Amino acid sequence: MCGIIGYIGDRDAAPILLKGIEKLEYRGYDSWGLATILDKISIRKGIGKIGEGPSDPLELKGKAGIAHTRWATHGGITEENAHPHTSCKGEIAIVHNGIIENYQELRRLLSDEGHNFTSQTDSEVIAHLLERYYNKSKNIKNALLATIKKIKGTFAFLVIFHTDPNVIVGARKDAPLVVGVGEDEFFLASDVLPFIEYTDKVVFLDNLEIAIATKNLLKIFDFKGKEVKKSVTQVAWEVGDASKKEFAHYTLKEIYEQSSTIKNALYQDRMKLEDFCKAIKGAKKVFITAAGTSFHAGLLARYFFSKISKVYCEAILASEFGQIIDWIDEGTVVLAISQSGETADVLHATREAKEKGARILSIVNVMGSTLDRESDFSLYLNCGPEIGVAATKSFTAQLVLIYLLAFTAADKPVYVNKLKILDKCVESILKVEDKVIEIAEKYKDINDFFFIGRSTHYPIALEGALKLKELSYIHAEGMAAGELKHGTLALIDDRTPVVVLNPEDDTYHETLSNTLEMKARGAKIIGISNIDNEVYDDLILFPKVEELFYPIIEVIPLQMLAYHMAIGRGADVDRPRNLAKSVTVK
Ligand code: F6R
């Protein structure tokens, strides 16, 4: 779950690398480091905020280098464990994203041979293995191939060699690595964000490939050393998409972007959309899989496909997918939903399903991501880079795409047209922020929250609770409104705030009854609805819309609530503690 970037070209590498890891910070942010090469390899590292450490990283000279932002897995958050890691004499430096599973065995072997380790990380073995093989062959490519043969696990890593300052190399297995192609320069990175301001031309490395770049030549090989011809793709993201603009945080900017991003999610290739629907409708079995917020979109997809398109399907958490693997066969379609397209649990599930003969359809935001490339068909969210660690605009874009699929599969063009005016409703719900701030101020010191809803509002209750937990560190539980009385009601007292998702639809009256049951036990009720009721202590009111669309509308005030509660409690909203945006470990 770390971010890596390398540069080789005519410019000074350090500023590009430093800015690059700032853009990759969403992948991990507990420590950072960079290495450049001039006549020797020089390194700067630090813990915490990128660029802050004992000495200025911009002092580093050289036109080639590598950098890393870390989310610790093996070894604590210390300067020694921050990447880059080097070989014994500091002549080879590496940065690594992933996990080397057999690192203990390799570390023992290398230590017995006299290699001196200076960190507790799994990654450091890569530097020493490269040293071992380079000393034998004096050939970078051979050393790289021998090293990857020896390591087990997942990796995308980059290397610079003191002996050849004009080369930077990379390798990938089950972790992303892309190459930005500039004029007489290359950028090797975890994704396009850190170099999109320099070039929009990209070569996507496939799994089990290595890249060897000088400033004007890029060669890609498979793990057997055979050259692979790759094409260059032009990617669509703009530089502005990845900046905070006038907002205090990316998360807030992304919440506000939703009036346009839900529109962009509707721009889909008609033929591709129909192929997607045909595959879903023609399948013997349909399973939806995803993690976290994307799983909540998956729960709604299950509901809409079953109810609107009359396609029965199941939604399974990607981390639990193994439990149903025996039911997957050639007649199965697996629909994977993922913002990043890099979530390890999701990739593991789809790979397992593919092996059993299933067709993999995916809904992703990041074009060229591993999930996108490994799927039979993909549809894109088109919501631009999402930098805030908490998913916001990608969730509503996922919902729009799911509606579009469900209506298209059900041949309901009237509803597809209704989707086209949803942006106006989103614009009006964004105006509730002042009311949300007032509520956040009132409840920010409370430590337990509940969110309830029935039917399509239940996944939104789960999502509201997840947002509050990850942004403000307040314990929160999302529940099906009808389930409270089966146990959880015991936790409700006169200090408990309960957020009730209750717009006027066929769930309205039953949810109201459940709300009254909580009110009778003293709960403080925060209503999210298009109609007022005396049961609410506080109400976030929004206009009446087409009933089916309430989930998209009502989740936005919940995102705002989590944001403002977090601000009120002084939490780091864009970078919640212990989390990373792309969870590339299982
Ligand atoms: C929550 C959040 C996570 C992600 C989850 C899946 O705000 O961001 O729960 O939704 O890690 O990530 P993707 O969608 O990239 O597969």
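Remember, predicted model here, so these are calculated numbers, not experimental data. One-based numbering, in listed order, for ligands and for the atoms of each. These values consider heavy atoms only, across backbone and side chains, with no hydrogens, waters or symmetry-generated copies.
The closest side-chain heavy-atom distance from Gln559 to Gln258 is below 4.5 Å. Put simply, the side chain of Thr332 does not reach to within 4.5 Å of the side chain of Trp327, judged on heavy atoms. When side chains are defined from C-beta on, Trp32 does not count as touching Arg70, because their heavy atoms never get closer than 4.5 Å. The closest side-chain heavy-atom distance from Met560 to Ile255 is below 4.5 Å.
Note on ring orientation: taking the six-membered ring where Trp is involved, the planes of Phe157 and Phe155 are tilted (angle from 30° to 60°).
Distances below 4.0 Å separate heavy atoms of Val389 from the following atoms of ligand 1: 8 (O). Below 4.0 Å from some heavy atom of Lys467 lie the following atoms of ligand 1, by number and element: 1 (C), 7 (O). Here is the list of ligand 1 atoms found below 4.0 Å of a heavy atom in Ser294: 10 (O), 13 (P), 14 (O). Those atoms of ligand 1 that come under 4.0 Å of a heavy atom in Gly292, given as number and element, are 9 (O), 10 (O).
The pair Arg575-Glu25 counts as a salt bridge, with a side-chain nitrogen and a carboxylate oxygen less than 4.0 angstrom apart.
Counting heavy atoms under 4.0 Å from ligand 1, residue Glu342 does not touch it at all. Residue Thr343 touches ligand 1 through its side chain alone, judged by heavy-atom distances below 4.0 Å.
Closest to atom 11 (O) of ligand 1, if we only count protein heavy atoms, is Val583 CG2, 3.9 Å.
Looking at Ser340 next to ligand 1, an N or O pair under 3.5 Å apart turns up. Checking only distances, Val346 never comes within under 3.5 Å of ligand 1, N or O to N or O.
Distances shorter than 4.0 angstrom do not occur between any heavy atom of Asn365 and any atom of ligand 1.
Comparing Glu463, Gln559, Glu470 by heavy-atom distance to atom 7 (O) of ligand 1, the nearest is Glu470.
Side-chain contact, Ser455 with Tyr303: a donor N or O sits under 3.5 Å from an acceptor N or O.
With Lys467 as the partner, the side-chain hydrogen bond (donor to acceptor under 3.5 Å, both in side chains) test is satisfied by one option alone out of Thr251, Thr293, Thr392: Thr293.
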